[in-house]
There are 2 protein chains.
Amino acid sequence: MSDKRVEAARIFKALCDPTRLAVLDQLRSGEKCACVIQEELFVGQSGLSYHMKVLCDSGLVTSRQEGKWTHYSLSSSGQEKAMALLEALTTPEPEAIPNCACSS
Amino acid sequence: MSDKRVEAARIFKALCDPTRLAVLDQLRSGEKCACVIQEELFVGQSGLSYHMKVLCDSGLVTSRQEGKWTHYSLSSSGQEKAMALLEALTTPEPEAIPNCACSS
DNA sequence: ACCTCATATCAAAAAGATTTGATGTATGGT
DNA sequence: ACCATACATCAAATCTTTTTGATATGAGGT
């Protein structure tokens, strides 16, 4: 249970930063290497590297090494996991009680 | 565009804190007032109030005043919005290019 | 072997989020 | 009117995340 919360926090934290959202938006048009991503962003090299790590750790993005370059792309399995988690966290249980009994 | 990112950050930030995730879990079993939520949590009164504000601001939770009590519940429209946003942020564009041209 | 380029890691500073305790506000009971 | 209860708000302290600049690593090219 608490494990699940740690994982949820890791995934959704990836989505809480404007720089990372901008990166995701870039990756929507296909795989990109770090240098290309950086060109369109106001981040230093080490800053981008940090954000890419957060994105990869969340599972939403995967990386692929090719020579000197690291290529990043959206992970569809990461997306599915995140969607399923979000749904699980915010869907009421079937036997949910409509009103709180506390004021009666 | 940047507006959308601010909103996304607000929504997903709500899901990044273990206390708030515990609150959501409680609300899955139905509407609850603050005092009931607090009973099962290690938070002070003002701390809970802060977290409930974050959750309400995200749209994932709605509140209803009844006399002295504030009742909180999961918002299905908030859930739908969050799901749609998550999907939009992490789905590749149809014409996405499989490989980055940077190393060629 | 040496140099350069692409990226990762580290540590300190800066910015942001959360906790805590005190105080404010609104409601209902007497 | 006064008091108690249920929350909300505020400000200071604390904790976490992000930024920044310096240094490290690892792959090619010469």
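Chain A is the first sequence line, chain B the second, and so forth, proteins listed ahead of strands; every chain is numbered from 1. These numbers come from the heavy atoms of this one structure, side chains and all, not from hydrogens, waters or symmetry mates.
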Nearest-nucleotide 5' precedence on DNA chain D, B/Lys68 against B/Tyr50:
B/Lys68
Describe the nucleic acid contact of B/Gly47 in one word from base, sugar-phosphate, nothing, applying a heavy-atom distance below 4.0 Å.
base
Are the side chains of A/Val43 and A/Tyr50 in touch, meaning some heavy atoms are under 4.5 Å apart?
no
Length of the NZ-P vector between B/Lys53 and C/dT18, whole Å:
13 Å
Distance in angstrom units between B/Leu48 CG and D/dT9 P, rounded
13 Å
Between B/Ala14 and B/Leu60 the two heavy atoms that sit nearest each other are CB-CD1, 4.3 Å
Tell me: CD of A/Glu39 to C1' of C/dT7, nearest whole Å?
15 Å
Separation of D/dA8 atom P from B/Gln38 atom CD, nearest Å, is 11 Å
Walking DNA chain C from its 5' end, the first of B/Gly67 and B/Arg20 to be reached, judged by nearest nucleotide, is B/Arg20
Is any side-chain N or O of A/Ser49 closer than 4.0 Å to OP1 or OP2 of C/dT9?
no
Sugar-phosphate, base or nothing in reach of A/Tyr72, heavy atoms under 4.0 Å:
sugar-phosphate
Do A/Leu55 and A/Tyr72 make a side-chain contact, defined as non-hydrogen atoms from C-beta onward lying under 4.5 Å apart?
no
Grab the CZ-C1' distance between B/Phe12 and C/dA17 for me, whole Å please.
19 Å
Give me the atom names and distance for the closest heavy-atom approach of B/Thr19 to B/Asp17.
N-OD2, 2.9 Å
Nearest-0.5 Å distance that lies between atom CD in B/Gln26 and atom CD in B/Gln38:
10.5 Å
Mind checking B/Ser46 for me? I need base, sugar-phosphate or nothing, with any heavy atom below 4.0 Å counting as a touch.
base
Whole-Å distance between C/dT9 P and A/Met52 CE?
13 Å
Atom pair distance, as rounded to whole Å: CG in A/Leu41 and P in D/dT19:
10 Å
Side-chain N,O (B/Lys13) to OP1/OP2 (C/dA17) below 4.0 Å:
yes
Nearest nucleotide by nearest heavy atom, which residue falls closer to the 5' end of DNA chain C, B/Gln45 or B/His51?
B/His51
